[in-house]
Amino acid sequence: MKHTKLTLIITFISLFSLNVIGQESKFQNWLKDFAQYQSELPTEKVFLHLDKSEYTLGETIWFKSYLVAGSGHIPSPFSKNLYVELVNENGDIKERLNLRSEEGLAKASLAIEKNLDPGYYYLRAYTNWMKNQEQEFFFNKKIKIQSLKEGELIREQKLERKLEVSFYPEGGDMINGVAGKIAFEIEGVNSDKFPLSGKVFNDKDEEVASLKTSHEGKGLFALIPMTDGHYAKIDGFEETFELPASKKSGVALSLNNQSDAFMNILLKTNAATNQAYYVVVHTRGYITFASEVRMKGLRGMSRVDKSTLPDGISHITLLDAAMNPIAERLAFINNNKQLNIEVSTTSPNYDTRELATIDLAVTDADGKPVQGSFSMSVFDANLVQNDQIDYNIKAHMLLSSDLTGYIKNPSQYFKDDEEAKQKADLLMLVNGWRRFNWTNIGQPIGDPNFSFETGLTLKGAITKKGGAKVKAGKVLLINPSEETILPRFAEADELGNFKFEDLVYYDTTQLTLQGFQRDRVKNVAFTINEGYEQLGLKGFNVNPLTDNPARINALKKQAITSIFIDSTYRRENGIVYLDDVYVTASKQEERNRTLNSQYGKGESYLNFSKIPEEFKQGRDPFAMMLGRIAGFTLSNPSSGATATGNTNGRISNAGSAGSGSTGGGGSGAGGAVGQPQGDPMFRVPTLRQGPYQGTPLILIDNVPVPFQTVYDLRASEIDYVEVYKSASAAVFGVNGSNGAIAIYTLKGDKMFKDLEKSFDVLSVNGYHAAREFYAPKYDDSNKQKFIPDERATLFWAPMVTTDTNGKAQVKFYTHDKNTNVFIDIQGISKNGITGTGVSRFNIRKNL
């Protein structure tokens, strides 16, 4: 394997706390193979914390992603690409975002289109690496999207299923003559039909046991099978349901997990023996206990100290002498080792439009302060349905993410009482562990089908005009989003296919591609491979809270009001708010400067439309800039102005950022690809006086290009020029050290129409760039106090970080409505421990 091992999670087997009796070398080797398997194939999980779980058309879904890896749930250092999809109940992907996960964290905003059909949708999240396992281990969150029509309620699309009864003998098998527990689950009937009862019969149609559901269609009964052929009947139904076949001999595994201190593992058989077996306990692949157990007659026993086990699902596996797994059992461990998040407000009651202050204090199980990253949603509890407390990050990471299928309200199993323990144990009995295949242990570990992604990939093909393939082709890529704008080269294969990996750019970005054949510029065309794999949907039913028509109508009225306010007073979706627009924004040229440039406005500006046409005819843009832009000069390459100034190995300034020439130090001037160096036809532009000034960065329609390219443009094709010199040039980083000149054409496709087309400027979609949540300020500086404020989500803070004392503080203003407000905080520590916190306050006008 070429990818890095997760040494922070799985280390050498000698570090495990093992209680190995007999020190069997074969067992030791098996344990090492198991650890090796886990280190080579670490598991990734993702959780999305949403601002709420119910929306209306036209609203925005605000969320934060938490991506973790391995048994320790540390923020994943592997995958950087996280895919989030909005999928309808038919499996159609309606929206797709690619998030850049840094240190396992990312924030996002997904605008719900107004033309979507109202109904239930799924938010699905996964990495490319996670596709090596079943889709049921993806994050999958079901949400409601309401219409804006008063009185219209959505109905869930039920998945039609017939009555099904599944049986799960403890440990996996029933052994004749050995008493055992049999868990069962009844599906395909409405929840209002529970509890259901039934009877179990042997092959002679004799009743041998009775059954009754005790929790969400699940139940448990005891049985001593004597022969094969058992079946069950459910009261009120005609069907019969067969139990698994029983074995004539073997070993059954049984577990008692009700004690707070110990977990007792019991082995039982129907024939006396002193044979040795091996018990392995692991949590998410991390071995926490391993022991030889020797049978004494019909029994064998082992005991595990539960305080040594991590919180979450432990997997107990029984191996025979040949290291073959013969029985397995899941156990849920809740030692309350997760984070404690204390949330406090400066007052239980706030006035409307008053500044609310929320204080966080985060500690671990030992009361020590914890540094971590958290997200906070503050919403109107009278208006919004939000099940994020029941389906929280702790419940997902420690429970739901390690089980297949839909787990209803997983947080219920974390309660510290006997009923919760019994329900959790029943849940463990009816679920199996399917993250890896035991037969893979000890076998050579090959490369997985899907790899970790650490950046964006651009794939395509280079061809000659007419479609002929380019032999010995090479492609140069310039990505203006990169800090140093370094060029990259890729070799094309025999069919002209090329690939660039580990790119980083956000939103819609313009990339420049240039083609070569045998190191000469060629007139070529580029085809880019777009699209993505359409995964099927693993849908599930939920039992939604009963909708209150009055609440739904109030929610819709609030949404309509908010949409009206946003369209009247604010501009969302990437356009600046009214307060931020320049005073002169009503003028056409000022609007052009604001909308066209990715880099803001510079110190100087030249509008070419104001230059008489007779002056522009037959001249290049630089000629028009002389005498019209302060400090702008043109010098011959042999004169005092230098065309380099480059000693750090980045792109030669003589070619600007797009020349394709890379400097290797020294003072040799670089030039455009295929362009003679020092050609007197191309005078070098500078923005400052002096003999040692370097060439500024040149951009045409926001794309970095060689400065020589400007001479191929006619002044009559130019709309305007923006010049960046001192402070404004800082946006370009080191490439703006000599300033920058941004040239905007009247029409982008005119830029190179008279040139042999050796390169293309492509618009591509990069990583998602989240909008900032709008939260008004009602202090003396606020100019919009007249605007109504009825936010359903009062505040969303995706990146709350606690300090070394485990403290953080968040402030925001309340809105105009008298209501009850709920605060939901979720997050993770630097070492992978999760936690949740809640609080409430009231808003009352004129307290």
Does the side chain of [X] come under 3.5 Å of the side chain of [Y] through a donor N or O and an acceptor N or O?
X	Y	result
Ser347	Asn349	no
Glu59	Thr56	yes
Arg771	Thr60	yes
Ser411	Asn409	yes
Glu44	Thr127	yes

Problem set entry | Phe139: ring pair (Phe, Tyr, Trp, His ring centres under 6.0 Å) partners, not counting sequence neighbours |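 Ring pair (Phe, Tyr, Trp, His ring centres under 6.0 Å) check on Phe139 returns Phe47, His396.
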Problem set entry | Under the ring pair (Phe, Tyr, Trp, His ring centres under 6.0 Å) test, residues paired with His49 that sit two or more places apart |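 For His49 the ring pair (Phe, Tyr, Trp, His ring centres under 6.0 Å) partners, ignoring immediate neighbours, are Trp796.
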Roughly how far, to the nearest 0.5 Å, is the [atom2] atom of [Y] from the [atom1] atom of [X]?
X	Y	atom1	atom2	value
Lys149	Asn553	NZ	CG	13.5 Å
Leu555	Asn382	CG	CG	12.0 Å
Thr345	Ile358	OG1	CD1	5.5 Å
Ser147	Ile154	OG	CD1	8.5 Å
Leu383	Thr793	CG	OG1	9.5 Å
Ile74	Ser76	CD1	OG	7.5 Å

Can you confirm whether more than 12 heavy atoms, excluding those of [X], are under 6.0 Å from its [atom1] atom?
X	atom1	result
Lys538	NZ	no
Glu103	CD	no
Asp417	CG	yes
Glu152	CD	yes
Gln534	CD	yes

Problem set entry | Verdict with supporting geometry, Glu85 and Arg124, salt bridge (charged side-chain N to carboxylate O under 4.0 Å, His left out) | CA-CA 5 Å; Glu85 298 167 339; Arg124 179 170 64 193; 2.7 Å; yes
Exercise. Side chain to side chain donor-acceptor pair (under 3.5 Å) between Arg96 and Asn765: does it pass, once the steps are laid out?
Worked result: CA-CA 11 Å; Arg96 190 174 197 260; Asn765 293 321; over 6 Å; no
Are any side-chain N or O atoms of [X] and backbone N or O atoms of [Y], one a donor and one an acceptor, separated by less than 3.5 Å?
X	Y	result
Thr283	Tyr286	no
Asp364	Asp366	yes
Asp425	Lys421	no
Gln146	Pro118	no
Asp51	Ser377	no
His768	Ser109	yes
Asn90	Asp92	no
Asn190	Asp192	no
Ser401	Met397	yes
Asp311	Asn335	yes

Considering only NZ, NE, NH1 and NH2 on the basic side and carboxylate oxygens on the acidic side, decide whether [X] and [Y] come within less than 4.0 Å.
X	Y	result
Glu102	Arg100	yes
Glu54	Lys52	no
Arg840	Asp824	no
Glu533	Lys131	yes
Asp402	Lys45	yes

Identify the heavy atoms of [X] and [Y] that sit nearest to each other, and give their distance.
X	Y	value
Ala395	Asp390	CB-O, 4.4 Å
Lys107	Glu772	NZ-OE2, 2.8 Å
Ile61	Ile112	CG1-CD1, 3.7 Å
Ser373	Met799	OG-SD, 4.3 Å
Gln371	Thr802	CA-OG1, 3.2 Å
Ser65	Leu99	OG-CD1, 4.0 Å

For this session: Using side-chain contact (heavy atoms from CB on, under 4.5 Å) as the criterion, point out the one residue from Thr834, Thr836, Val838 that pairs with Gln826.
Result: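 The single option meeting the side-chain contact (heavy atoms from CB on, under 4.5 Å) with Gln826 is Thr836.
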With ring centroids as reference points, do [X] and [Y] lie under 6.0 angstrom apart?
X	Y	answer
Trp129	Phe450	no
Phe841	Tyr350	yes
Phe332	Phe414	yes

For this session: Evaluate salt bridge (charged side-chain N to carboxylate O under 4.0 Å, His left out) for Lys811 paired with Asp359, printing each intermediate quantity in order.
Result: CA-CA 9 Å; Lys811 296 183 179 182; Asp359 289 300; over 6 Å; no
For this session: Would you mind telling me which of Tyr83, Tyr126, Tyr122 makes a ring pair (Phe, Tyr, Trp, His ring centres under 6.0 Å) with Phe138?
Result: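 With Phe138 as partner, ring pair (Phe, Tyr, Trp, His ring centres under 6.0 Å) holds for just one option, Tyr126.
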For this session: Is it possible for you to check whether Lys142 lies under 6.0 Å from the centre of the six-membered ring of Tyr120, through NZ or CZ, and within 45° of that ring's axis?
Result: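 Yes, a cation-pi geometry.
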Exercise. Does Tyr778 have Arg353 sitting over its ring (NZ/CZ under 6.0 Å from centre, angle to axis within 45°)?
Worked result: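 That pair qualifies as a cation-pi contact.
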Problem set entry | Check against salt bridge (charged side-chain N to carboxylate O under 4.0 Å, His left out), Lys423 and Glu418 | CA-CA 9 Å; Lys423 290 179 179 179; Glu418 289 302 315; over 6 Å; no
Exercise. Below 4.5 Å, heavy atoms only, C-beta onward: do Leu399 and Tyr413 meet side chain to side chain?
Worked result: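 Yes, their side chains come closer than 4.5 Å.
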For this session: With the side chain counted from C-beta on, respond yes when Val504 and Leu456 share a heavy-atom pair under 4.5 Å apart, and no when they do not.
Result: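 No. Closest side-chain heavy atoms not under 4.5 Å.
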For this session: Please assess Lys817 against Glu790 for the test salt bridge (charged side-chain N to carboxylate O under 4.0 Å, His left out), listing each intermediate value before the final yes or no.
Result: CA-CA 6 Å; Lys817 296 176 62 179; Glu790 297 184 2; 5.1 Å; no
